[in-house]
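Counting starts at 1 for both ligands and their atoms, in listed order. Predicted model, so just to flag it, every value in this text is computed and none were measured.
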Amino acid sequence: MQLNKSLKNHNTFGIDVQAKFFSEVKHVADIDGLRQQAVFNQPKLILSGGSNILFTKDFDGLVIKNSIKGMGIIKETETDIFIKVNAGENWHDFVLVCVENNWGGVENLSLIPGQVGTSPMQNIGAYGVEIKDVFHSLEAYHIKKAQIDTFTHSQCEFGYRESVFKKALKGEYIITSVVFKLSKKPQVNVSYGAIQSVLEAQKITSPSIKDVSDAVISIRESKLPNPKEIGNAGSFFKNPVITKTHFETLQKEYKNIVSYPISDTQVKVPAGWLIDNAGWKGKTFGNYGVHKNQALVLVNYDDAKGKDIYNLAEEIQADIFGKYEIDLEMEVNVL
Ligand code: FAD
Ligand code: EPU
């Protein structure tokens, strides 16, 4: 147990706040041990890679850092492999293990920061794939009952950057492991235009999952700031879904506005386009601002306060509503 611990190296925004109590768990039994202590009655925050959190103040309670490691194959058929991965494993390291073994399904999710246990939390997604496409089940520790429960795919209630763990069961569980179903006979998904362009430029006509993974890595490196160099938490807002009628009204004023079909009546609009078109891209306010290549990413250049970044996010929300009558929802967990 550590007291008044700086969390600067535990969040990719690099915000320097303190946790009153900080404890790292390496085994499920460590959670049981922690539970016997009085400190467990404090408000709790489960922390993994810290790549989807903005701290706006010190955490006046117990931070439980999930470092439960290990992975192994639990079942194999002619076509599929079921692999159980503990929550504390690094997500991208797991993807690389899959790519090396030619187990298909997660290659489009290469280079997403964070840990495996958090991947179902908000159904991570990129380049045409979401975790729900390869998810089999997970185990999670019920904080009050001190028992491990298993969740099937449907029990997780996956949605766009959503699951039951962010809604009805928020704060009730610590995810301890995830089982993925991967394909031993992979079929690549190159539906995302940017992947196709990279592969065409390399004259790759029948790509392997390694080719797809490499393409995704190169696209991500060209667009998104590396948190080791510039503090950020990826997309700060979700891409909003609006009615087609609303979109057609906007199109009259904004000829270049982009959209993706969602249903007969709804479309998704890239928040990056809205923020960029509203003139925020690359704007800097001292030591924080909006990234120059991706308007959806707010950045900490050097020792910014989380509260300042949060205020900027609120200013952007108000401006976007004023210009397009669209409510932007924050994707990052603000604490
Ligand atoms: P944390 O930030 O540590 O935690 C996130 C939330 O989950 C918190 O509320 C925390 O309390 C809770 N939590 C953490 N661990 C557990 C657990 N074991 N049990 C229960 N609750 C838990 N996301 C995408 O979906 N697609 C992308 O393409 C993408 N790109 C990104 C690019 C960059 C540069 C960055 C910095 C982030 C990006 N993200 C992306 C967001 C982020 O990587 C994901 O949300 C990731 O899954 C967060 O994992 P983490 O381990 O860092 O979670
Ligand atoms: N755009 C702009 N200006 C910008 C940024 C984007 O005009 O500054 C336009 C682009 O031209 C493009 C569209 O917006 O037409 C979409 O941009 P991009 O392909 O970069 O994707 P995104 O919608 O901004 C989403 C996810 C990312 C994920 C990528 C790739 C959300 C909130 N974000 O970003 O996830 O990596 O698609 O699939 O859904 C994350 O969740 O943290 C994250 C990075």
Looking only at protein heavy atoms, identify the closest one to [atom] and say how far it is in Å.
atom	result
atom 37 (O) of ligand 2	Tyr192 OH, 4.0 Å
atom 15 (N) of ligand 1	Ser48 OG, 2.6 Å
atom 2 (O) of ligand 1	Asn52 N, 2.9 Å
atom 35 (O) of ligand 2	Arg161 NH2, 3.0 Å
atom 47 (O) of ligand 1	Ile124 CG2, 3.2 Å
atom 18 (N) of ligand 1	Ile175 O, 3.0 Å
atom 16 (C) of ligand 2	Tyr260 OH, 3.4 Å
atom 25 (C) of ligand 2	Asn239 ND2, 4.1 Å
atom 3 (N) of ligand 2	Asp276 OD2, 2.8 Å
atom 30 (C) of ligand 2	Tyr127 CZ, 3.5 Å

Going by distance only, is there an N or O of [X] that falls short of 3.5 Å from an N or O of ligand 1?
X	result
Asn123	no
Gly50	yes
Gln122	yes
Gln115	yes
Arg220	yes
Ser51	yes

Among [options], which one puts a heavy atom closest to [atom]?
atom	options	result
atom 31 (C) of ligand 2	Tyr160, Trp273, Trp280, Phe237	Tyr160
atom 26 (N) of ligand 1	Gly234, Gly125, Gly231	Gly125
atom 38 (C) of ligand 1	Ser110, Ala87, Ala126, Pro113	Pro113
atom 44 (C) of ligand 2	Ala295, Gly128, Ser235, Gly234	Ser235
atom 5 (C) of ligand 2	Gln294, Glu130, Lys223, Lys281	Gln294
atom 36 (O) of ligand 2	Lys268, Glu329, Arg220	Arg220
atom 40 (C) of ligand 1	Ile112, Leu47, Val297	Ile112
atom 5 (C) of ligand 1	Leu45, Ile46, Thr118	Thr118

- Query: Does Lys307 reach the side chain of Lys57, with side-chain heavy atoms less than 4.5 Å apart?
  - Reply: no
Between Tyr254 and Lys323, is any pair of side-chain heavy atoms under 4.5 Å apart? yes
Got a sec: does the [atom1] of [X] have more than 12 other heavy atoms crowding it under 6.0 Å?
X	atom1	result
Lys69	NZ	yes
Lys44	NZ	yes
Glu325	CD	no

Can you confirm whether or not the ring centre of [X] sits under 6.0 Å from the ring centre of [Y]?
X	Y	value
His153	Phe158	yes
His136	Phe82	yes
Phe22	Phe59	no

How many angstroms lie between atom [atom1] of [X] and atom [atom2] of [Y], to the nearest 0.5 angstrom?
X	Y	atom1	atom2	answer
Asp303	Ile15	CG	CD1	8.5 Å
Ile112	Ser51	CD1	OG	9.0 Å
Thr176	Leu138	OG1	CG	8.0 Å

Work out whether the distance between some heavy atom of [X] and some atom of ligand 1 is less than 4.0 Å.
X	answer
Arg161	yes
Pro225	yes
Lys166	no

Exercise for the section: I would like to know whether Val134 and Leu182 meet side chain to side chain contact (heavy atoms under 4.5 Å, CB included); could you show each step before the answer? Expected result: CA-CA 6 Å; Val134 288; Leu182 302 166; 4.0 Å; yes
Looking just at side-chain N and O atoms, do [X] and [Y] make a donor-acceptor pair shorter than 3.5 Å?
X	Y	answer
Asp149	Gln147	yes
Ser67	Glu24	yes
Thr152	Gln155	yes
Asp58	Gln18	no

Parallel, tilted or perpendicular: which fits the ring planes of Trp273 and Tyr324, with parallel below 30° and perpendicular above 60°?
tilted
Which atoms of ligand 1 have any heavy atom of [X] under 4.0 Å away?
X	result
Gly114	49 (O), 50 (P), 51 (O), 52 (O)
Met121	7 (O), 12 (C), 21 (N)
Asn66	18 (N)
Ala233	35 (C), 36 (C), 37 (C)

Does [X] come within less than 4.0 Å of [Y], counting only side-chain N to carboxylate O?
X	Y	result
Lys184	Glu76	yes
Lys238	Glu331	no
Asp276	Lys281	yes

Going by the 4.0 angstrom heavy-atom rule, the piece of Phe165 near ligand 1 is neither
Quick look: Pro270 vs ligand 2, heavy-atom contacts under 4.0 Å, and the answer is side chain
Note to self: Could you check whether atom 10 (C) of ligand 2 has a protein contact, counting only heavy atoms that fall below 4.0 angstrom?
What the structure shows: no
Test item: protein heavy atom less than 4.0 Å from atom 7 (O) of ligand 2 | yes
Note: ligand 2 atoms sitting under 4.0 Å from heavy atoms of Ala126 are 36 (O), 38 (O)
Within 4.0 Å of some non-hydrogen atom of Glu331, the atoms of ligand 2 are 32 (C), 40 (C), 41 (O), 42 (O)
